[in-house]
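Just the heavy atoms: all of them, side chains too, but no hydrogens, waters or symmetry mates, feed the values below. Positions are given from 1 along the sequence.
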Amino acid sequence: MTQSATSAQSAAGDAGLLIETVTDPGLAPAIADVAAATFPLACPPHSTPENIAAHIEQVLSAARFAEYLADPRKQVLVARTGADGPIVGYALLVHDLPADPDVRAAVDAFPAGAAAVANGTVTEISKMYVLPEHHAVHSRLRPSHALMNAAVDAARDRGATLVWLGVHSGNERAKRYYAKMGFRQIGTKSFNMNGAIEHDFVLARES
């Protein structure tokens, strides 16, 4: 079962790109394939192949995506090149309060953050990746921008007033992209990748 996000089509500015919420567990392997292809590209240079592979297996496998698709607190969006086209990107949203104490403190200190926490109107963009051959520099459809716009719209539709995400502190390209999409740094957190401790910036924006 899929549910089209028509607002994302409008944001994309081209009928050739479709962003939709998916719930069909049969799509989990295809989404996992995109995740496995894109996650290594966002890892810091010192990440070992073993740690990357372990993280993919633990967090980004088809079995895990099937769990995400079935979890009512989570929402998976995919970007396709047309209604019957292949999946070229995805986003995973978590419509819940942050469990990480460092993130919680950062969100509480953000303007309107304390109210969002008190009202339970917080969404995390846990993951968002697009295949490199479909990045804006290669594609007039700009799926990364359309996917982010759709993610923020989806959070708003679920009642969120604040959206946050984590990005590796050394990922300059991603930080520039998120700044263009309206996010700003509000704190820091640690990220455990198979025993290797990485350091993320916490970014947020109102939805």
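Side-chain atoms of L60 and K127, non-hydrogen and from C-beta on, do get closer than 4.5 Å to each other. Residues I186 and V107 form a side-chain contact, since some pair of their non-hydrogen atoms from C-beta on lies under 4.5 Å apart. Between L92 and K74, some side-chain heavy-atom pair lies under the 4.5 Å cut-off. When side chains are defined from C-beta on, L203 does not count as touching R184, because their heavy atoms never get closer than 4.5 Å.
In the hydrophobic clustering of this structure, I125 does not group with L162; members are Ile, Leu, Val, Met, Phe, Trp, Tyr whose side-chain heavy atoms approach within less than 4.5 Å, directly or through other members. No continuous path of ILVMFWY side-chain contacts below 4.5 Å connects F183 to F110, so the two sit in separate hydrophobic clusters. Linking Ile, Leu, Val, Met, Phe, Trp and Tyr whenever their side-chain heavy atoms come within less than 4.5 Å leaves W164 and F191 in two separate clusters. Linking Ile, Leu, Val, Met, Phe, Trp and Tyr whenever their side-chain heavy atoms come within less than 4.5 Å leaves V202 and V94 in two separate clusters. When the side chains of ILVMFWY residues are joined at heavy-atom separations under 4.5 Å, either directly or via intervening members, Y129 and I52 end up in a single hydrophobic cluster.
Contact record, T81 with P86: OG1-CD, 3.4 Å, taken as the closest heavy-atom pair. Closest of all the heavy-atom pairs between G120 and L97 is CA-CD2, 4.0 Å. Scanning both residues, P98 and V122, for their nearest heavy atoms gives CD-CG1, 4.0 Å. Annotation for P111 and E206: closest pair O-OE2, 4.1 Å, computed over non-hydrogen atoms. Across all non-hydrogen atoms, the minimal contact from A62 to P29 is CB-CA, 3.8 Å. Of all the heavy atoms in T188 and D102, the pair that sits closest is O-CB, 3.5 Å.
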- request: Let me see the working for I31 and V76 under side-chain contact (heavy atoms from CB on, under 4.5 Å), right down to the final yes or no.
  value: CA-CA 9 Å; I31 302 169; V76 180; 3.9 Å; yes

- prompt: After noting the C-alpha distance and the side-chain angles of R156 and D153, does the key distance pass the side-chain contact (heavy atoms from CB on, under 4.5 Å) rule?
  reply: CA-CA 5 Å; R156 188 183 302 115; D153 285 346; 2.7 Å; yes

message: Under the criterion side-chain contact (heavy atoms from CB on, under 4.5 Å), I'd like the reasoning laid out for R142 against L17: C-alpha separation, chi angles, the key distance, then a yes or no.
response: CA-CA 9 Å; R142 298 167 68 87; L17 182 68; over 6 Å; no

query: Does the pair V78 and E20 meet the rule for a side-chain contact (heavy atoms from CB on, under 4.5 Å), with working shown?
result: CA-CA 6 Å; V78 298; E20 59 184 353; 3.7 Å; yes

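Between the side chain of T38 and the backbone N or O of V34, at least one donor-acceptor pair lies under 3.5 Å. Panel note: side chain T123, backbone H95; no donor-acceptor pair is recorded below 3.5 Å. No side-chain donor-acceptor contact under 3.5 Å links R73 to the backbone of D96. Remark: side-chain polar atoms of R205 are paired, donor with acceptor, to backbone N or O of M181 under 3.5 angstrom. Listed for the N51 side chain is no donor-acceptor partner under 3.5 Å among the backbone atoms of S47.
D100 and K189 are not joined by a salt bridge, as no carboxylate oxygen comes within less than 4.0 angstrom of a charged side-chain nitrogen.
Between the side chains of S169 and H199, not a single donor N or O lies within less than 3.5 Å of an accepting N or O. Side chains of H46 and E198: a donor on one and an acceptor on the other come within 3.5 Å.
Distance CG/L93 to OH/Y68: 13.0 Å, rounded to 0.5 Å. How far OG of S144 is from NZ of K180: 11.0 Å, rounded to the nearest 0.5 Å. For the atom pair OG1 (T21) and CG (L77), the distance works out to 4.5 Å, reported to the nearest 0.5 Å. Distance CZ/R80 to CD1/I87: 4.5 Å, rounded to 0.5 Å. Here CZ of R64 is found 9.0 Å from CD of Q58. Values are rounded to the nearest 0.5 Å.
Under the 6.0 Å cut-off for aromatic ring centres, F201 and Y178 do not qualify, their centroids lying 6.0 Å or more apart. Ring pair F39/H55: centre-to-centre distance below 6.0 Å.
Within a 6.0 Å radius of CG in N192, more than 12 heavy atoms belonging to other residues, nucleotides or ligands are found. Residue E57 places its CD atom among 12 or fewer non-hydrogen atoms of other residues, nucleotides or ligands, all under 6.0 Å distant.
Relative orientation of the H145 and Y177 rings is perpendicular, given thresholds of 30° and 60° on the angle between their planes.
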